[in-house]
Amino acid sequence: MQAIIEKLQNRYSLSDIVEQRANLTFVTVKQTDAVSIITHLRDIEGFTHIVLMTAVDRIEENKFQITYLLHNYDLHSDLGIRVLIDRDNPEMESIHHLWKHTRVFQRELHEMFGINFPGSPDVDVPMLLEGWDGPPPMRRDFDTKKYSEEKFDHRPRNHVEPEKQFRQEMYPED
């Protein structure tokens, strides 16, 4: 893994290199270099599988951290590529052209954090939060209690199954 990191350092600006164990390393890269690095890792270095794509809200820094975890089957190793993006204008270049299933990861990050991936197919189509009209719920400034009180305190106290309640709200003609 060290040889791959050195190759990347010769071509790109890397920071915060953390080797968690012999077969798992994380590096932080510039947003403008991320897709190029990920493409290089897939096409040249043999990281042919993307295990996951996730985000962390680093609200104190006004950033989102997107992490792409790539796997190399020959080396039995994982490499995490971390990218910091602006929280006020959360936009990241899509990688759906590299792995088709990443569009699902991107849809989830769009829905849960409000991160935009221009050009990613169906990124605006609700996947998990059908009928949701609130702010992205995984942002750290999302006030769960306030949202619940505003959205649900008007409900009568008699119990209605959630599925039935949401169906009535979303499809009132049924």
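Here the structure is a predicted model, which means the values were calculated and not measured.
- Side-chain polar atoms of H76 and N23 form no donor-acceptor pair below 3.5 angstrom.
- Shown here for S13 and D33, the closest heavy-atom pair between the two residues is N-OD2, 4.2 Å.
- Contact of the N116 side chain with the I85 side chain is not registered, since no non-hydrogen atoms from C-beta on lie closer than 4.5 Å.
- The closest side-chain donor-acceptor pair between E161 and Q165, if any, does not fall under 3.5 angstrom.
- Side chains of V29 and Y12 form no contact here, defined as non-hydrogen atoms less than 4.5 Å apart.
- Listed by chain and number, the hydrophobic cluster partners of Y73 come to none, as no ILVMFWY side chain reaches under 4.5 Å of it.
- Through chains of ILVMFWY side-chain contacts below 4.5 Å, V51 is grouped with L24, F26, L52, L69.
- Closest non-hydrogen pair, F64 versus D86, comes out as CD1-O, 4.5 Å.
- The two residues F47 and L79 make their nearest non-hydrogen contact at CE2-CB, 3.7 Å.
- Environment of CD in E163: sparse, with no more than 12 heavy atoms of neighbouring residues, nucleotides or ligands closer than 6.0 Å.
- With hydrogens and angles left out, the side-chain atoms of Q106 and S94 include a donor and acceptor closer than 3.5 Å.
- Using modelled atom types, one finds a donor on one side chain and an acceptor on the other under 3.5 Å when comparing R58 with Q65.
- Residue Y147 is grouped with residue M112 when hydrophobic side chains (ILVMFWY) are merged at heavy-atom distances under 4.5 angstrom, including chains of intermediate members.
- In plain terms, the two heavy atoms of L98 and R42 that are nearest each other are O-NH1, 2.8 Å.
- In this structure, I38 CD1 and Y68 OH are separated by 5.0 Å, a value rounded to the nearest 0.5 Å.
- A chain of hydrophobic side-chain contacts below 4.5 Å, direct or via other Ile, Leu, Val, Met, Phe, Trp or Tyr residues, connects L128 to M138.
- Between L109 and F117 there is a side-chain heavy-atom pair separated by less than 4.5 Å.
- Closest of all the heavy-atom pairs between H96 and G119 is CE1-O, 3.2 Å.
- Note: W132 and F142 have tilted aromatic rings, judged against thresholds of 30 and 60 degrees for the angle between ring planes.
- Salt bridge E61/R87: absent, no basic N to carboxylate O contact under 4.0 Å.
- Summarising the geometry, atom NZ belonging to K100 is positioned 14.0 Å from atom CD1 belonging to I95; distances are rounded to the nearest 0.5 Å.
- Residues L41 and L8 have side chains in contact (heavy-atom distance under 4.5 Å, counting atoms from C-beta outward).
- The shortest side-chain heavy-atom distance between M1 and E19 does not fall under the 4.5 Å cut-off.
- A donor atom on one side chain and an acceptor atom on the other are found under 3.5 Å apart for R11 and H40.
- Of the inter-residue distances, the one linking S15 atom OG with Q9 atom CD reads 10.0 Å to the nearest 0.5 angstrom.
- Put simply, the side chain of H97 reaches to within 4.5 Å of the side chain of V35, judged on heavy atoms.
- Here the closest heavy-atom approach between residue D57 and residue D141 is recorded as OD2-N, 4.5 Å.
- We find the CD1-CG distance between I4 and L75 to be 5.0 Å, quoted to the nearest 0.5 Å.
- Residues T67 and M53 form no side-chain contact, since every pair of their non-hydrogen atoms from C-beta on lies 4.5 Å or further apart.
- In summary, R107 and D124 do not engage in a salt bridge, as defined by a charged side-chain N under 4.0 Å from a carboxylate O.
- To the nearest 0.5 Å, atom OG1 of residue T144 and atom NZ of residue K151 are 15.0 Å apart.
- V56 and F113 fall into different hydrophobic clusters, where Ile, Leu, Val, Met, Phe, Trp and Tyr are joined by side-chain heavy atoms under 4.5 Å apart, directly or via other members.
- Between E111 and P126, the closest side-chain pair of non-hydrogen atoms falls below 4.5 Å.
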